[in-house]
Structures are given as structure tokens and as C-alpha cells.
Amino acid sequence: MIDRIFDPASFEQRWYAHWERNARFRPARPDAQPFTIVIPPPNVTGSLHIGHALDNTLQDILIRWHRLNGRDARWIVGTDHAGIATQMVVERRLAEAQQPGRTAMGRAAFEAKVWEWKAESGGTITGQLRRLGASCDWANERFTMDDGFNAAVIKVFVELYNQKLLYRDKRLVNWDPKLKTAISDLEVETREVAGTFTHIRYPLADGAVLDSGADHIIVATTRPETMLGDTAVAVHPEDARYASVIGKFVELPITGRRIPIIADEHADPELGSGAVKITPAHDFNDWAVYERNKAIGWINILDAEANICVADGVPAAYVGLTREAARKQVVADLEALDRIERIENKTIQMPYGDRSGVVIEPWLTDQWYVNAGELAKDALAAVHDGRTRFVPATWEKTYFNWMENIQPWCVSRQLWWGHRIPAWYAPDGRVFVAETQAEAQAQAGDVALTRDEDVLDTWFSSALWPFATLGWPAETPDVARHYPGDVLVTGFDIIFFWVARMMMQGLHFMDEVPFRTVYCHGLVRDAKGQKMSKSKGNTVDPLVLIDKYGADALRFTLTAMETQGRDIKLNESRIEGYRNFATKLWNAARFAQMNGIAGHPDIMPPAATQPVNRWIIGEVKQTARALEQAIADFRFDAYADAIYKLVWSRFCDWYLELIKPLLAEGADADVAAETRSTAGWALDQILVMLHPVMPFLTEELWHQLGTRDDLILAQWVATAALPEDAAASADIDWLIGLISEIRSARTEVNVPPSAKLPFAVEGASPETTARLAANAPAIERLARVTAGAAPEGGRLQLVHGEATFLIPIGDVIDLAAEKARLDKALAAAIKERDALAGRLGNPGFTEKAKPEAVEKAREDHEARSAEAERLAAALARLG
RNA sequence: GGACGCGUAGCUCAGUGGUAGAGCACUGUGUUGACAUCGCAGGGGUCGCAGGUUCAAUCCCUGCCGCGUCCACCA
């Protein structure tokens, strides 16, 4: 028996274990069309946050829905080694445990520590995905650093190198002085901070003067300390103010170096003095100037930790100072030399590392780069020509914008945790890239080789996720069957990091896009709309919510709130509401069971004669259609909305109430049997249709209602074959309308139980009279919720459809209120009637509007006119 | 500086070229054996502002105001 209390915790984990144990998530329909999703691999040592809950709920809905629809569904799952993030966690743990740090223990020992940590915490997030109900294909779980994946990464690196799409280069990179590694442009976030803008006078050398008579050039900078590395001052070639000094020199204060004044387009005459200091080794723009004017050279003044290092012209006293200390010292020294023109306070943009949170330094190093511009060409074309589409389509613009302006991708990282770069160096600096050291050695000949110390950007490997998970580079059946995938579901925030890179690598190595559709959802924010973050302390733990409300309620909430990729403001009261929805369905199933209703053996409904049964079959059909459309459109909110309305507003509120009299003692046995069958069928279909969103509850009830195979493997309703009965729908709509009318009068009157149907009616058609008789029990039951023993009294005037009902009532509690109600209804009817009359009197409308719209307006106008008349009459009778 | 999104009931959000919707909140009411995690009824909106197109605009167009996000080399 279904328990009185709905307690999701009592069955959720049991069902998950059952599904997994019985391989329910494995693709098992070799003859069916596959449906494939690859999971965005979570960090192996991470834990589930609310964004994961959203992302994976949506994927699970798609997977389960297509599985119910006969596809051979496969959700490819695994975890990411997450280079920087994981290395940082392990280093922090070592520090907390007061153990030797990374550098102290050495590379091999440190790597062992990370593997230890992976073993210890790696199961956390996969366990949490199971709690959520994600029906992933765990039997084939992958890791971005497992053996097969490593092989794929190495192969891709070597091939790109051989194709000259990957190369080593010395240029400025974004250097993280805390993590001491290069990072990519994307890993830098610009923040606005309070800073200063220092205007410095650089004296002209050799007695030169400007036309204005000045013996100096003013340059401005937000980072005065970089002047130690200046190698030129640039002015615009057509800037008349400086024409006479181009090619001459300034004496760089503090350093004693002479640096040239050069002409370069980079200097904007409109800005400041029109002259700009050039520090090639510490500024991206200035490096570009250097590349056009190689003669100026460059001087690096910072070490890997962004402290001042020994360099040409840098006074010994500066060496070892931090950036910040050096800034103060430079300003102080310039003050002493009277070289400061002025210092403004100014809001400036500063680059920060998204992981380390420290200021990023442009720094000159040798790194490995991928020629992203070349790979982007096909990736752009593939979206332009629709081989891959974004949903919502607005993200395509974002994708195009970035891809069209893509920069070389720095893929090397000075970390220890990750895929080590397969490059070896000879003592003379020659580089050999090969899949193994032996191959490299064969290329190099008889010299000692040392392997590149660096590892690859995490995203370099995750870019291969859609095919490396399938066994590539081997030509496995999985590759043929599951590439390309159908849908990628992810947050818009990693379109550049991940989606774009998968597109590039997928097209390059597989000659085909990695997925047909990219669905981008929004961010989950707190109830106030704030971004959730640990530092703000406004995060919500999905596991806590699951414990409190059940995984199904959380899933339903996220589904209902997912509207076309808009951000979600998560409010706990909403989860509570959907938990109540689950309770409602639970109780409806319990009612069914108590009334001898069980799951229906057939996917098709029984042949029904009763209007109410025919009606609910039609309602199920309509809902199923709406759900199919919702999936086709990726409208998760529409999916939730349609099934919610069917369950609560149709099935529970009306169907179950309307069939109660049909199941009562003494009712017609055939009718009761038909009704039990239909109710059982309808409930089955509800469970099937709701299953993708609420898998646990539906599976539990499915089994409670009968001994059957698991719901997860059931078949979606055969929408096209379901009957629909317009006459039955009209009957029930009429009945619902009538009961609602009586109910809205209920607060004013009591209908005594002695009042028997049919009520007296005026103006009723034979059809209405027949409907009234047929539905008498339901009307009596539902329209008389407040009935009590009351003396016979007057009559309630009720206008419904073409008839006026005279319902015997007991004590009239408030006749004036009843009159007010009628008055209001009359006013509304008149208002609508007049509005429709106005429209129909407008030639523009009758001539130009769609014929259906005009016809409907005519019908509505007639109905409203008649209603107004009857309401007026009823009001008059009431006195 | 570019690009995009949003502004509809107290809150969170759907929606449509032709009578404005949902959930929650609120008010009133109800202990009929599925469900008080519930039932029933009710109040509440000049659809940001101003123009334009149209017979008709919350919806399409333009401008403005407000909020948010992403990208970008203002030294």
C-alpha cells in the first residue's frame, strides 16, 4: 500500500541503486537511433554546486525523455583533472597539514599526492550526481588523465605540431606571479580598482628642445615602476609638436639610460601629452610597438614572482622589491629628482588571475601556442551553416564575435598536475615533438634529451572530450555511433573556454562538429539575484535541498525556472511548492489505489464511453503534445508547466472528483470498471510524462500501482494514436463551468442537501437538460461543498451558458452580496459586449482581420449579449 | 568604446498584433475518508517612459530612462 506520508528519502536512493545495478543507464537498443550527450566533466575533486544541479537536471531530462521515446540514449560521463584548480587544492592541503610544500617534495612526490587526493575525494561529485538522479552511463566513466585519454591528448599535440598549427614562441603572456604559470586570455578578469595616474617628465638628451621650448617630454602611466624597463618614447608620426625630436633621445631618469624617441601610430595625439613611454617587456601594446621597431629592444625588469630583478639600468637598491614597493620607490625617487609633473587619482582597469586572485603581469616567456585563428575558420563556418546551432540563438553572436577575433591560444602551463608536454630539447636548443621519448630520441640522434617541464592547459584536453571519451584515436564502434553527439548542455560562461575549443578540435580531428545543438542555460543566482559565491556566503548546497525536499522537487524547480537561458533566481519557497506538487501526486496515486485503480496493462487507453473518461484521455493527449513541443523547443519551463497543470488542475482537481460518484457504492458496475481502467491508464501516462523531471517519485508510484518492468524503460504515450473527443470535452468544460459558477456563489448561500437535481432551469436547450441529468451526481457533490442542514429558502439565480438555473437554496446569508456578485458579472459582460461591438463596427477590423478572428468576435458578441440580458433578468428577479 | 539581455500583479516570472496569465504571497472560508505539504472563493496590473507603423500595439519600429552581463589596447 502507498504510505500515508510522502517521504522521498525512503525510496530515492533505493531506486537509483536498482537502476544502476540493473544497467538501466546503459544503451541497450542497438537497432534504435542513438541519442548522445556528453556531460561537461566536473572537476574530479570538486563537489556538486547548484549550477551542476541545473546543468545535469536538464541533461537528464533530455536523456530520460529520449530513452522513453525509444532512442538508444547514452549519457557519457566522467571527470576533469582540472589542472590549476586541483593543484591549488592539494598545495593548500599540504600547507594546512604543515607538510612540505610542492617544491620541497619535488615533482614525482607531489604528483603522487595529487593522485592520492583524487582517490580520496574523486568519488564525491559522482556520488552527488547519483543523488540528483543523473542517469549517466557509469560503466564507461572516463577521466581526462586516464591512459586512453592521455594517448589522445599526446596524439593531438603531436599532430597539431606536425601540421604547424601548434608552435613554440617567445611573446608576452599573462603571467600569474602567485601560481608562477602562464595563463590564457580567458583566465584573466579585468577589475576596476582605485589607482593613480602619474605624469612624468623625461628630460630630452643632448640639449634638444621641443618647438614649444620645453626641455622634456611628459609621459603618463598607471604603473610608474615599469619606467625602469622603458626602451623608447613614442609619438605619433604626424604630431607636429614632436616632429623635431623624432630620432633624438631622452634621458631615462633613475636608470641613466638614453632611450630613443620614435614615431609610431600607437601614440594617440589626442590623449595626454601625445607621447607614450614604451616598455616592451611589460605591456602588450608596447610589445606590438617593439615588433614594429625592433631596434629599440626590450628590457625585462621582473622575475617570475613579479619582483624587480637585475636588469640594465636598474639600480641595485631596487632588486628584490615587489611591484608595489618598487612603484613607491620610483615615485619617491622621481619626486626627489623633480621629475613628477603631477599624480592623479583614477579608477583603472587591472587584470587579475581568475584562480589566484592576484594581479596578472604581462611577462616575456617561451610558451606553446595553438594557431586558434586557423582552427576557428571551420568552427565559425559550422555554426554559420547550421551544422551546429545554439539555443538560444543569441549566443551565436557571442560565439562569432569571439571566434572572429581569436588570438593564439597559449596552451602550456608551468604546473605539475596535467598532461606533460611531449617535447624534448637537445642541449643546443633544438626541439623534438613526438608521442614517445624513444621517437624523439630517434629524431634527435645521439644527444641527451630533456623533456619539457610544462603541462597543458586543462581546456586543451577537455576540448577532446566529445571523441576521446569514445576511445579515439582508436576507430571504435562507439566513435562511429556516438559522434557527433546530439546536444551539449552547458552554461554560457564556458562558451569560449570549452564549447569553442571542442568545436575547433572536433572539426579538425573528426571532420565533423562535436554536437548538433548547444543549449546554454543561465546562472543560478540567490533569491535576491546576487551571484552565488563562497566569499559572499550566499551559496546553497543542492545536497541540503535534496535532503530537505527530495531530489525530484529540486529538479522540478530548476526545470520550471529554466526559461530560455535566462538567469535563475532560486527561491527556496519555490522548491517547497514543487515538493507539495510531488505530495499531491503521491496522494492522488494513493486515492487511486484505495479505489481499486491500478496501472493499466496496455499503452493505449481502454475504449471509454463516459464523457469524463473520454475527456481525460484527450487531456493526456494534449499534454503529451505540449511536452513533445517543449522538448523540441528546449523549453524546459513549458515542460514543467504543462505537466503541472495536467496533474493538479485537471487530473486531481477535476477528474478524480468527477469520477468519485462513478466509483461509489451502487454505481453502475460497467461504468465503474471502465473508469478504473481509464484512471489507471491516465495515471500511468502522467508517470511516464513526469518521469524525466521527477524520476524517483514516478518510478516508486509506477511500482506501487502494479507489478511491472521499471518505468525508466517504459514507452512514451503514442500521442498520434490517442483518441480525442470534442463532444466529451465540450461536455466536461460545460460541467466544470457550471460547478465553478455555483461555487463562486457558495460564499453567499448554502445549498441544502434536500435540493435534488435537476434544478429548475429556464431557457435550457434539450442538450443542456440532458447534460444536467447526466451529471447530476457530480454537480450535487461538487457544487455543495458547504452544504449543511438548512431550511428551504429562496432560489439562487444562476446564469450559465444559454440557461438560467434556479437552484433551491437554504438560508441566504447575504442577499446583497449575491446581488453585488450579479451586478459585477453584468458590468463585465456589458463591457465586453460593447468592446466587441465596437470592434465589429470597425470596417478596418471586419475587412482586414483574419476571418477566424472576426467570426470569433461575432460569436463572442452574441454570447455576451445574451449573457448580459439573462444576468439583468436574474438581477431583476432577485428584487 | 563595441555587443547582448532585461524592465508585465507585492515577489519570481510566462505570454500574445484583436477580451492580460501562472506560482508564491495576501484576504475570506472549509475538519464531505486521497491530500491542511490540502480544498474552495476573492482582491490586486494605465504590461518602464515618449513617439511612430497599424483599423487595432503589452507585443513590431525609433528614441529615452533604469538594471544587468560579456568583449575591448585608453598609455
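Order of the sequence lines sets the chain letters (A, B, ...), proteins ahead of strands, with each chain counted from 1.
- Here A/A835 lies out of heavy-atom contact (under 4.0 Å) with every strand.
- Nucleic acid contact for A/K531: none, since no nucleic acid atom lies under 4.0 Å from a heavy atom of the residue.
- The interatomic distance linking A/E404 (CD) with B/C4 (P) rounds to 13 Å, in whole Å.
- Among the heavy atoms of the strands, none lies under 4.0 Å from A/N595.
- The CG-P distance, from A/D653 to B/C38, rounds to 11 Å in whole Å.
- Annotation: B/U69 and B/U58 have their C1' atoms spaced 25 Å apart (nearest Å).
- Regarding contacts with the backbone of B/C4, a side-chain N or O of A/K397 is found under 4.0 angstrom from either OP1 or OP2.
- Taking the side chain of A/M594 as heavy atoms from C-beta on, and the options B/G33, B/C38, B/A75, the nearest nucleotide is B/G33.
- Counting heavy atoms of neighbouring residues, nucleotides and ligands inside a 6.0 Å radius, atom CD of A/E862 does not exceed 12 of them.
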Steps toward salt bridge (charged side-chain N to carboxylate O under 4.0 Å, His left out) verdict (A/E867, A/R833): CA-CA 9 Å; A/E867 188 185 354; A/R833 181 197 64 192; over 6 Å; no

Check the pair A/D264, A/R292 against salt bridge (charged side-chain N to carboxylate O under 4.0 Å, His left out), reporting the backbone distance first and the verdict last. CA-CA 8 Å; A/D264 192 276; A/R292 290 190 290 269; 2.9 Å; yes

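- For the P atoms, the distance linking B/C24 with B/G33 amounts to 25 Å, nearest Å.
- Nucleotide B/C73 holds its P atom 12 Å from the NE2 atom of A/H266, rounded to whole Å.
- Rounded to whole Å, the P atom of B/G7 lies 10 Å from the corresponding atom of B/C13.
- Between A/T226 and A/K277, the side chains place a donor N or O and an acceptor N or O closer than 3.5 Å (distance only, hydrogens not considered).
- A/Y578 and A/D552 form no side-chain donor-acceptor contact under 3.5 Å, judged by distance and modelled atom types alone.
- With a 3.5 Å limit on both pairing distances and Watson-Crick or G-U wobble geometry required, the stems of 3 or more pairs in RNA chain B span B:1-7 with B:65-71, B:10-13 with B:21-24, B:26-30 with B:38-42, B:48-52 with B:60-64.
- Within the nucleic acid shown, A/F845 comes within 4.0 Å of at least one base atom, counting heavy atoms only.
- Among the heavy atoms of the strands, none lies under 4.0 Å from A/A638.
- What separates CD1 of A/I495 from P of B/C70 is a distance of 12 Å, to the nearest Å.
- The NZ-P distance, from A/K848 to B/A56, rounds to 8 Å in whole Å.
- Annotation: A/W586 is in aromatic contact with A/F11 [ring centroid separation under 6.0 Å].
- Using a 4.0 Å heavy-atom criterion, one finds that A/R4 contacts the sugar-phosphate atoms exclusively.
- In the set B/C35, B/U19, B/A72, B/A72 carries the atom at the smallest distance from any side-chain atom of A/Q349.
- Of the possible polar contacts, none joining the A/H199 side chain to the A/V219 backbone as a donor-acceptor pair under 3.5 Å is found.
- Going from the P atom of B/G21 to that of B/A3 covers 38 Å, rounded to whole Å.
- Nearest nucleotide to the side chain of A/S573, out of B/G18, B/U37, B/C24: B/C24.
- No donor-acceptor contact under 3.5 angstrom links the side chains of A/E576 and A/N580, judged on distance only.
- The main-chain N or O of A/D7 is found under 3.5 Å from a side-chain atom of A/S10 such that the two form a donor-acceptor pair.
- Across all strands, A/K831 comes closer than 4.0 Å to no nucleic acid atom at all (heavy-atom distances).
- Residue A/W648 is in sugar-phosphate contact alone, with no base atom involved, counting any heavy-atom pair closer than 4.0 Å across all strands shown.
- Using a 4.0 Å heavy-atom criterion, one finds that A/R590 contacts the sugar-phosphate atoms exclusively.
- A/N580 has its CG atom 4 Å from the C1' atom of B/U37, to the nearest Å.
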Each nucleotide of nucleotides 6-17 of chain B classed B (base within 4.0 Å of a protein heavy atom), S (only sugar-phosphate) or -, in 5' to 3' order, makes S-----SSSS--

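- One P atom belongs to B/U62, the other to B/G5, and the distance between them is 12 Å to the nearest Å.
- Aromatic rings from A/Y519 and A/F636 are positioned such that their centres are separated by under 6.0 Å.
- Across the protein-nucleic acid pair, A/E859 atom CD and B/U19 atom P stand 16 Å apart, rounded to whole Å.
- Remark: C1' of B/U19 and CZ of A/R839 are 7 Å apart, rounded to the nearest angstrom.
- Aromatic ring centroids of A/W287 and A/Y290 lie under 6.0 Å apart.
- Taking the P atom of each, B/G2 and B/G44 are spaced 46 Å apart, rounded to whole Å.
- Taking side-chain N and O atoms only, A/K346 has a distance below 4.0 Å to OP1 or OP2 of B/A75.
- Ion pair A/K548/A/E572 flagged as a salt bridge, since at least one NZ, NE, NH1 or NH2 atom sits closer than 4.0 Å to an Asp/Glu carboxylate oxygen.
- When the C1' atom is compared between B/U8 and B/G66, the two are found 16 Å apart, to the nearest whole Å.
- Residue A/T221 places its side chain closer to B/A75 than to any other of B/A75, B/A72, B/C38.
- For A/N285, counting side-chain heavy atoms from C-beta on, the closest listed nucleotide (B/C73, B/A34, B/G23) is B/C73.
- One P atom belongs to B/C4, the other to B/A9, and the distance between them is 27 Å to the nearest Å.
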